[in-house]
Amino acid sequence: IEIREEKQHLDAHLLYSGGETARPGAASGPVYFVLRESDLDGFPPGAVLCAPKSSPVFGCVLDQAAAVLTEVGGVTGHMASLAREYCLPAIVGAEGVLSRLTAGDIITVDATFKRVFLGRVEEVLKKEAAQRPTCAASLGRPGRHPILGLIANLTLTNPRHPDFRPENCRTFHDIIRFVHEKSFKEMFRLGDRLGHAAESEARRFGPSLPFELWIIDIGGGLTPQGNGPVAPDQVRSLPARYFLEGLLDERIHWNQPRPVSLRGLVSVFSGAVLHPDAEGQEREFGRKAYAIFSSEYMNFNSRVGYHFAALDSVCGPVQNDNYISFRFQGGAAAAERRALRAELISTLLARQGFDINHRGDMVHAFVKKYDQKEIGRRLADLGRLTLFTRQMDMLTHDRRMVAWLVQAFESGNYNLETMPPPKTAQGAL
């Protein structure tokens, strides 16, 4: 349905214009920022849900919201579908809208014409009331009809919760969400299984890296010519090209000595030598790292020394299909320092919009539904981060050092050519 742009000038303060209409309509209410999942616990009825990105987790409060604004998201996404089911005015992909808003301020969201006004604009709201479709009567809100209650309701909202199990699926919506999440996890493990099964088909990546990178092309990932080492210009896979851009960043001197804490070095010996792997497995240095490439897909697995890293990503022109799943675990130092390195990685990725699950020395980061350029930028930074955090468990001795390393990475001080003053480092060097 094509909606003609309204030409009438309103006597109101326009805060923002842009984004995409996920569900047309208009509503007014106070600004409530949902920056993390825990913010949903205190969601006030009648507020406008304002978030950096769309998430189906919002389904638990959409029946209380007046409208939805997100900076990232698509009209075909899960949350957009929920907004339509709840007949809720929603604008998604409104880049930069959060910086224009103040928590608690009353705003009017005109999703039909993709505008946000300061205050309650009765002229917009009256027009919406006159034109509002009989959404609730024709479709029914989830749960109003017995059949819709078995189809549309979503109760499995948090895939990290222990209750996220097949026996707790109550509706078709729950089943679809459960299958969706588990299929992502299976894709994440694809590289491990395929890497060993197709080792004879792998081609070595030519440029020098801290590990041997072997590539398995499953279609459109590499140029067809040659059987020798793969040169960077032979990589056609879009996510791989972004990731390799970070791995090959000449500003990062990964093959040169790094600053080392004496206490960190002792921690490595105590953690790796005096206390061997709990599972009794022998650590293997210089192990091959496998990557699976296709034109818009990449899976990368690396077990080098004492840590494990894995990356799974789709990056292409269809924004709703794009995602990055990244996992990191392990290290050579004692448990406390490994956990601090994981905190460093978590902090850096959280600042880039990733959803983070961090426990001990394990990090699982996930982001989805950004456009190709934004997914690519994050993939390149993950390549840099892979090199930057090498042996960093030997240097991270407290949270102040973690904070300084976050600043160092974001300012391009990848080789730690300048170090924090002794008061901050507290004897780290």
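Every heavy atom of this structure was used, including side-chain atoms; hydrogens, water molecules and symmetry mates were not. Predicted, not measured: the structure shown is a model, and the values here were computed from it.
E336 and R338 are not joined by a salt bridge, as no carboxylate oxygen comes within less than 4.0 angstrom of a charged side-chain nitrogen. Checked for salt-bridge contact, D249 and R251 meet the test: a charged N lies under 4.0 Å from a carboxylate O. In summary, R378 and E374 engage in a salt bridge, as defined by a charged side-chain N under 4.0 Å from a carboxylate O. Using a 4.0 Å cut-off between charged nitrogen and carboxylate oxygen, E343 and R399 count as a salt-bridge pair.
We find the CZ-CD distance between F58 and E37 to be 9.0 Å, quoted to the nearest 0.5 Å. The CG atom of L387 lies 11.5 Å from the CG atom of L382; values are rounded to the nearest 0.5 Å. Between the CD1 atom of I216 and the CZ atom of R203 there is a distance of 12.5 Å, given to the nearest 0.5 Å. Atoms OH and CZ, from Y414 and F388 in turn, are 9.0 Å apart once rounded to the nearest 0.5 Å. Summarising the geometry, atom OH belonging to Y32 is positioned 15.5 Å from atom CG belonging to L69; distances are rounded to the nearest 0.5 Å. From Y86, atom OH reaches atom CZ of R23 across 14.0 Å, with rounding to the nearest 0.5 Å.
Annotation: side chain of Y297 is not in contact with side chain of S237 (no heavy-atom distance under 4.5 Å). The shortest side-chain heavy-atom distance between D355 and K53 falls under the 4.5 Å cut-off. Side-chain contact between L244 and F205 is present, with heavy atoms from C-beta onward closer than 4.5 Å.
The environment of R241 atom CZ is sparse: at most 12 non-hydrogen atoms of other residues, nucleotides or ligands sit within 6.0 angstrom. Shown here is R359, whose CZ atom has no more than 12 heavy atoms of other residues, nucleotides or ligands within 6.0 Å. The environment of CD in E410 is crowded: more than 12 heavy-atom neighbours from other residues, nucleotides or ligands sit within 6.0 Å.
F308 has its ring centre no less than 6.0 Å from the ring centre of F328. The distance between the ring centers of F354 and F366 does not fall below 6.0 angstrom. The six-membered or imidazole ring of F113 lies away from that of Y16, with a centre-to-centre distance of 6.0 Å or more.
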Quiz prompt | Trace of the salt bridge (Lys or Arg N to Asp or Glu O under 4.0 Å) decision for K368 with D321 | solution = CA-CA 8 Å; K368 60 183 177 179; D321 293 342; over 6 Å; no
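Under 3.5 Å, the side chains of N322 and Q372 contain no donor-acceptor pair of N or O atoms.
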